[in-house]
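So the structure is just underneath, and the comments pick up after that.
Each chain gets a letter, A, B and so on, in the order the sequences are listed, and its residues count up from 1.
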There are 2 protein chains.
Amino acid sequence: MLNQQERSRTWLQELKHNGYRLTSPRKAVVEVMANSDTVLSPAEVYDIGRGRYAKLGLVTVYRTLEKLEAMGLVQRVHRPDGCEAFIAGVEGHQHLLICENCGRVEYFGGDKLDGLIDKVQGDSGYEIRDHWLQFFGLCRACQRNN
Amino acid sequence: MLNQQERSRTWLQELKHNGYRLTSPRKAVVEVMANSDTVLSPAEVYDIGRGRYAKLGLVTVYRTLEKLEAMGLVQRVHRPDGCEAFIAGVEGHQHLLICENCGRVEYFGGDKLDGLIDKVQGDSGYEIRDHWLQFFGLCRACQRNN
DNA sequence: TCAATTATGAAAACGTTTTTCAGTAAAGAA
DNA sequence: TTCTTTACTGAAAAACGTTTTCATAATTGA
């Protein structure tokens, strides 16, 4: 994986390539998201982001996350207790493993699902277009503290 | 599966066994949920439910869904575009197959995931406590109309 | 039938997200 | 560099869905 500084730079380039201006508030949001390995709500991005750019507005956080999501750089995370949180995305399709306590996210690949998808598709008559596979649990650090 | 009338009756009994009173608004909500095979938001339950009990209030819909969820009779459904919808639950752990167009839901079982869970647990050090597997697509009827 | 207590719905409060809008700042041209 | 165009910004307001409050109504068991 890219290190965090490289990831920030790449994201900013990509914003530029998509015709967006590089502004201080956007840089702050990009740095927060690109440097985080935990799920963050817009309000949390706002709080952390103001450490980097004090005048940052919550509205801009929403607008920037929206753009980053459309560009596939961050993805929305769905959790049992609420679904408005974001995490840096990764290339290609990956599944998520989320710590219920601290929000830390890891990715795992390995689609063992193809056979199951074929079977469910045949049984149900549905045309399956997308799937979610997410695991929830406790990361190593939170196991020790709970 | 129980037919819909039986399911309503069972749910009402279960409410009673849990110490809750059987009221007209609750009956309306139970009938809506027990008779539906599509995902419904609280507002939709409210709209449909008023057809059965005109004085039904939205607040009571929320309160009743909360109880039904706690009793395991309905479950919350998470979708890419929003996560506050409910569907009648089924016994035991099942996975969902959701029509992106009309919200119809089917259930499928067959946990082929045990091996994968063990592997991810070992690789990551996480203690995996729960998982979601959901498929999204088009049901037979919506394939014809799209 | 009555009394105790739960449940109800209207209204208000709440927290989050979106829209509006006047002022600001980025980026390319001169 | 300065200028000009246009996109972007944040504060405030609006909109939205959900929860709380509270006086009234309805269910239940005695």
Whole-Å gap separating P (D/dG17) and CG (B/L58): 10 Å
Interatomic distance where OH belongs to B/Y20 and C1' belongs to C/dT5 [whole Å]: 15 Å
Integer-rounded Å distance: C/dT18 P and A/K67 NZ: 12 Å
Distance, rounded to the nearest Å, where B/L56 contributes CG and D/dA25 contributes P: 18 Å
ring-ring contact (aromatic ring centres under 6.0 Å, His included) evaluation trace for A/H95 with B/H131: CA-CA 11 Å; A/H95 304 302; B/H131 64 273; over 10 Å; no
Test side-chain contact (heavy atoms from CB on, under 4.5 Å) applied to B/I87 and B/R76, B/R104, B/Q75, the passing residue: B/Q75
Interatomic distance where CG belongs to A/L22 and C1' belongs to D/dT9 [whole Å]: 15 Å
Aromatic plane relationship, B/F108 with B/F135 - under 30° parallel, 30 to 60° tilted, over 60° perpendicular: parallel
Atom-to-atom span, CD of A/E66 to P of C/dT18 - whole angstrom: 7 Å
Sidechain N-carboxylate O distance under 4.0 Å for B/R129, B/E127: yes
Side chain B/E44, main chain B/S41, donor-acceptor under 3.5 Å: yes
Spacing of B/K27 atom NZ relative to D/dT27 atom P, expressed in whole Å: 8 Å
Sugar-phosphate, base or nothing in reach of A/Y46, heavy atoms under 4.0 Å: nothing
Gap between atoms CZ and P, on B/R26 and D/dA26 respectively (whole Å): 15 Å
Distance-only donor-acceptor test, A/R21 side-chain atoms vs C/dG28 base atoms, 3.5 Å: no
Given D/dT28, D/dA26, D/dT19, the nucleotide with the shortest approach to the side chain of B/K16: D/dT28
Upstream residue (5' side of DNA chain D) when B/S24 and B/P42 are each assigned their closest nucleotide: B/P42
5′-ward residue of the pair A/T64/B/E84 relative to DNA chain D: A/T64
Phosphate OP1/OP2 of C/dT8: any B/T23 side-chain N/O under 4.0 Å: yes
DNA chain C: 5'-proximal contact among A/R63 and B/Y53 (nearest heavy atom): B/Y53
